[in-house]
Asker: 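Sharing a structure below in structure tokens format, with a few things to ask.
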Amino acid sequence: DNIDGLVGTVAACCPSLETLCLLNSSTSEWWVSESDVNLLAHSALNLRVLHLSGINFSTFDYDDDSESKSSPDEPTFKLKGLNLQCNNLTTSILRTLTTSKLTQFSLTNPPDSSNPPPSTLLRILGSLSPPLLALSLIDVPLLSPDVKSIFTYFPELRRLSIGATPLNINDETFEEVQGDSIEVLHLFHRSSHGSLSSPPDLTGSILSNFPNLLELLIYNLPSFLPSHLSGVNLEDLIVGECEGFYDPEEVCRLCR
């Protein structure tokens, strides 16, 4: 279905709208043209949170130099939160949606995604000023250089969530990263039916790079052990499917 009319109506009739969610939970495809996204960006000037799920955009362009953002003098919306879940995206769409006021960005790629590669995504987000405070990347095929670049692009980042099937990172990924600003860290290896990928060899030794960490979520990381958390002053710990935490005695030691 083409929902351009809906997006165009919102852009034209709801200039004071602050939050917009377009969530496609049906089996049919929803299509939005790039021109209507641009119309929304230049009309809904009070929009602060945008959540798009299951949307296809009508043009695909991965040439980083072929598209440019609007002139700084042109009025555009000032999003603070952008959540993109299982959409088919273009580089130019990402540029349009990532406004200078953005502080929180969340992306979940659809299965077999042909979305722009992580290097392009991070370069676009890294151009924002001031930098992001919260970043969530789910099923984005991050490699170690991409993860390292996160800490370069976003020196003030407070919340970081990384999850994928498979999760292609290890302890070496976090060597020499500056994670002093991180207060919330979520890491999970997402297993899928029929997947033969092994969980990554990721241990609690990485926590030494996050001295101000307050919340940690780990899922399906069997190399993570309770003993790795000794001396880590966490307020919240969420653990799922981590074999090292199956021993009650080891877990109880965390509470002493």
Side-chain angles (χ1 to χ4, degrees), residues 19 21 48-49 51 53 80-85 102-109 122 125 130-140 142 144 146-192 199-256:
T19 301
C21 299
R48 296 295 179 266
V49 178
H51 188 169
S53 177
K80 292 185 177 181
L82 177 58
N83 304 299
L84 303 173
Q85 184 176 10
L102 200 65
T103 60
Q104 178 268 327
F105 179 85
S106 175
L107 172 65
T108 300
N109 271 342
L122 292 173
L125 293 172
L132 288 175
L133 300 179
L135 176 64
S136 175
L137 299 175
I138 309 302
D139 283 337
V140 176
L142 295 169
S144 288
D146 301 314
V147 175
K148 289 180 181 294
S149 69
I150 288 174
F151 297 93
T152 301
Y153 281 129
F154 315 114
E156 299 177 20
L157 197 66
R158 297 175 186 170
R159 303 177 62 94
L160 175 62
S161 298
I162 300 175
T165 307
L167 186 62
N168 292 313
I169 60 177
N170 53 38
D171 286 358
E172 293 181 359
T173 301
F174 293 93
E175 288 183 354
E176 300 179 359
V177 301
Q178 299 296 322
D180 294 21
S181 65
I182 299 293
E183 297 177 353
V184 177
L185 179 64
H186 294 176
L187 299 169
F188 44 97
H189 171 81
R190 288 159 59 91
S191 57
S192 60
D201 186 20
L202 192 64
T203 74
S205 65
I206 67 169
L207 299 180
S208 61
N209 295 295
F210 305 99
N212 298 308
L213 193 64
L214 299 177
E215 176 182 304
L216 174 67
L217 181 150
I218 50 175
Y219 182 83
N220 199 14
L221 300 177
S223 297
F224 239 95
L225 302 176
S227 58
H228 295 154
L229 300 177
S230 176
V232 181
N233 296 318
L234 293 174
E235 293 182 357
D236 295 290
L237 173 64
I238 306 100
V239 180
E241 300 299 326
C242 292
E243 296 176 9
F245 286 78
Y246 289 174
D247 186 340
E249 291 186 4
E250 289 295 322
V251 174
C252 285
R253 288 193 178 96
L254 294 176
C255 303
R256 293 175 184 173

Asker: Quick one: does Phe224's side chain get under 4.5 Å of Leu216's, heavy atoms only?
Answerer: yes

Asker: Enter the distance from Leu167:CG to Phe188:CZ here, rounded to the nearest 0.5 Å.
Answerer: 9.0 Å

Asker: Looking at every heavy atom in both Phe245 and Val251, which two are closest together, and how far apart are they?
Answerer: O-CG2, 3.3 Å

Asker: Of the non-hydrogen atoms in Val140 and Ala164, which two are nearest, and what is the gap between them?
Answerer: O-CB, 4.3 Å

Asker: Verify, without hydrogens or angle tests, whether Lys80 (side chain) and Val49 (backbone) share a donor-acceptor contact under 3.5 angstrom.
Answerer: no

Asker: Taking all atoms of both residues into account, what is the closest heavy-atom pair of Pro200 and Ser223, and its distance?
Answerer: O-OG, 4.3 Å

Asker: What's the spacing between Leu202 CG and Ile169 CD1 if we round to 0.5 Å?
Answerer: 5.0 Å

Asker: To the nearest 0.5 angstrom, please state how far the CG atom of Leu213 sits from the CD1 atom of Ile182.
Answerer: 8.5 Å

Asker: Are the side chains of Tyr153 and Leu132 in touch, meaning some heavy atoms are under 4.5 Å apart?
Answerer: no

Asker: Will you find, in the side chains of Asp171 and Ser205, an N or O donor that is under 3.5 Å from an N or O acceptor?
Answerer: yes

Asker: Okay, side chain of Asn209, backbone of Phe174: is any donor-acceptor separation there less than 3.5 Å?
Answerer: yes

Asker: Please report the closest heavy-atom contact between Asp201 and Asn170, naming both atoms and the distance.
Answerer: O-CB, 3.6 Å

Asker: Atom CD of residue position Glu172 - does it have more than 12 heavy atoms of other residues, nucleotides or ligands inside 6.0 Å?
Answerer: no

Asker: Please identify each residue that fulfils side-chain contact (heavy atoms from CB on, under 4.5 Å) with Val184, with sequence neighbours left out.
Answerer: Arg159, His186, Glu215

Asker: In the structure I gave you, are the side-chain heavy atoms of Leu107 and Ile138 within less than 4.5 Å of one another anywhere?
Answerer: no

Asker: Please check if the side chain of Asn212 supplies one atom and the backbone of Glu183 the other of a donor-acceptor pair under 3.5 Å.
Answerer: no

Asker: Distance-only, no hydrogens or angles: does the Lys148 side chain make a donor-acceptor pair with backbone N or O of Glu175 under 3.5 Å?
Answerer: yes

Asker: For residues 226-244, which side-chain N or O atoms pair as donor and acceptor with protein atoms under 3.5 Å away, sequence neighbours left out?
Answerer:
from	atom 1	to	atom 2	distance (Å)
His228	ND1	Gly204	N	3.1
His228	ND1	Leu225	N	3.1

Asker: Quick one: pull up CG in Leu185 and CD1 in Ile218 and give me the separation to the nearest 0.5 Å.
Answerer: 9.5 Å

Asker: Count the heavy atoms of every other residue, nucleotide or ligand shown that sit under 6.0 Å from CZ of Arg158, and state whether that count exceeds 12.
Answerer: no

Asker: Does Ser149 offer a backbone N or O that forms a donor-acceptor pair with the side chain of Asp146 under 3.5 Å?
Answerer: no

Asker: Between Val147 and Val177, is the side chain to side chain contact (heavy atoms under 4.5 Å, CB included) condition met? List the steps.
Answerer: CA-CA 9 Å; Val147 175; Val177 301; 5.9 Å; no

Asker: Do the side chains of Leu137 and Ser161 get nearer than 4.5 Å, heavy atoms only?
Answerer: no

Asker: Say whether Asn83 and Gln104, considering side chains only, have a donor N or O and an acceptor N or O under 3.5 Å apart.
Answerer: yes

Asker: Has the side chain of Ser181 got a donor or acceptor atom that lies under 3.5 Å from a matching backbone atom of Pro155?
Answerer: yes

Asker: Using 0.5 Å steps for rounding, measure from the CZ atom of Phe151 to the CZ atom of Phe210.
Answerer: 4.0 Å

Asker: Can you tell me how far apart OG (Ser106) and CG (Leu135) are? Round to the nearest 0.5 Å.
Answerer: 8.5 Å

Asker: Looking only at heavy atoms, what is the nearest atom pair of Asn109 and Asp139, with distance?
Answerer: CB-O, 3.2 Å

Asker: Decide yes or no for Leu221 and His189: does some side-chain heavy atom of the first lie under 4.5 Å from some side-chain heavy atom of the second?
Answerer: yes

Asker: Under a 4.5 Å cut-off applied to non-hydrogen side-chain atoms, are Phe154 and Leu125 in contact?
Answerer: yes

